[in-house]
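Values below: all heavy atoms of this structure, side chains included; hydrogens, waters and symmetry mates excluded. Count residues from 1 along the sequence.
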Amino acid sequence: MKITKIDHVHVYVDDIDLAERWYEDVLGFIRDDSLYFWFEQGGPLVVRNHGASLSLFLRKNQSPGHTIAFTAEAAAFVDLVAALNAKNIPFTACDHDVSMSLYFSDLSDNKIELTSYDYSQAKRILESTVSPLP
């Protein structure tokens, strides 16, 4: 499987508004308006600084820590699903309306996401390899 880049990191914060201002003031991140609908639906507020992205989540019960997300082409899901199943690694699939993602953990329970923005192809692949697709 070829990982093309780190897509984003999940950052759990106590106050979304304060965190958004802090990341803008200190590191130059700005809101990604094209993904704001996720935040409006109860998901993350995505902020970007050129190629770097953070998904700001309101901390509920999460311990301090992050999720690392990698971007890959849709075809990578075929090999990843097979590898996860072969190694008995539990995972979940998620349809984000503009991308498809698989979520799983490493041996130390660090959270990992593999996401593809080849939405239609990724959805077809996951529908044929993960049943039922949530």
Side-chain angles (χ1 to χ4, degrees):
M1 167 183 16
K2 179 183 176 187
I3 300 287
T4 57
K5 67 178 183 175
I6 293 175
D7 186 71
H8 64 279
V9 175
H10 292 204
V11 179
Y12 296 93
V13 300
D14 296 319
D15 184 307
I16 293 285
D17 294 327
L18 288 175
E20 180 182 16
R21 284 194 302 273
W22 188 90
Y23 278 99
E24 182 175 359
D25 293 344
V26 175
L27 295 172
F29 282 82
I30 58 170
R31 181 184 296 178
D32 183 338
D33 289 326
S34 72
L35 298 176
Y36 189 71
F37 73 95
W38 283 344
F39 181 68
E40 293 175 315
Q41 296 172 352
L45 177 66
V46 178
V47 295
R48 294 188 189 274
N49 183 336
H50 300 281
S53 295
L54 301 175
S55 291
L56 304 178
F57 287 88
L58 185 61
R59 183 185 315 280
K60 294 177 184 164
N61 299 319
Q62 297 86 359
S63 300
H66 309 292
T67 299
I68 189 165
F70 299 101
T71 297
E73 294 177 0
F77 283 129
V78 173
D79 294 332
L80 181 60
V81 168
L84 294 172
N85 284 332
K87 297 175 186 309
N88 293 314
I89 298 172
F91 64 90
T92 57
C94 190
D95 183 336
H96 295 298
D97 297 324
V98 295
S99 65
M100 295 295 295
S101 295
L102 288 179
Y103 294 90
F104 54 100
S105 297
D106 71 8
L107 293 173
S108 298
D109 204 30
N110 294 300
K111 308 304 181 212
I112 299 171
E113 175 185 356
L114 185 77
T115 193
S116 177
Y117 291 95
D118 301 331
Y119 178 74
S120 297
Q121 183 182 1
K123 185 170 183 168
R124 280 193 305 276
I125 290 169
L126 289 177
E127 285 175 338
S128 69
T129 58
V130 178
S131 59
L133 185 62

When you group the ILVMFWY residues by side-chain heavy-atom contacts below 4.5 Å and let the links chain together, are [Y] and [X] in the same group?
{"X": "Leu102", "Y": "Ile3", "answer": "yes"}
{"X": "Val130", "Y": "Ile112", "answer": "yes"}
{"X": "Tyr103", "Y": "Ile68", "answer": "no"}
{"X": "Phe37", "Y": "Met100", "answer": "no"}

> Hey, does the side chain of Arg59 reach the backbone of Asp14 with a donor-acceptor pair shorter than 3.5 angstrom?
Replying inline: no

> Would you find a donor on one side and an acceptor on the other, under 3.5 Å apart, between the side chain of Ser55 and the backbone of His10?
Replying inline: no

> Does a side-chain N-to-carboxylate-O contact under 4.0 Å join Glu73 and Lys2?
Replying inline: no

Identify the two heavy atoms, one from [X] and one from [Y], that lie closest to each other, and give their separation to 0.1 Å.
{"X": "Ala122", "Y": "Phe77", "result": "CB-CE1, 3.6 Å"}
{"X": "Ile89", "Y": "Ser105", "result": "CG2-O, 4.1 Å"}
{"X": "Phe29", "Y": "Ala52", "result": "CE2-O, 3.6 Å"}
{"X": "Ile125", "Y": "Ala74", "result": "CD1-O, 3.4 Å"}

> When the ring planes of Phe39 and Tyr36 are compared, do they come out parallel, tilted or perpendicular, using 30° and 60° as the limits?
Replying inline: tilted

> Between Asn49 and Tyr23, does any side-chain donor sit less than 3.5 Å from a side-chain acceptor?
Replying inline: no

> Are Thr67 and Glu113 close enough that a side-chain donor and a side-chain acceptor fall under 3.5 Å?
Replying inline: no

> Are any of the side-chain heavy atoms of Leu56 and Pro44 separated by less than 4.5 Å?
Replying inline: no

> In a check of side-chain contact (heavy atoms from CB on, under 4.5 Å) between Leu35 and each of Arg48, His8, His96, which one passes?
Replying inline: Arg48

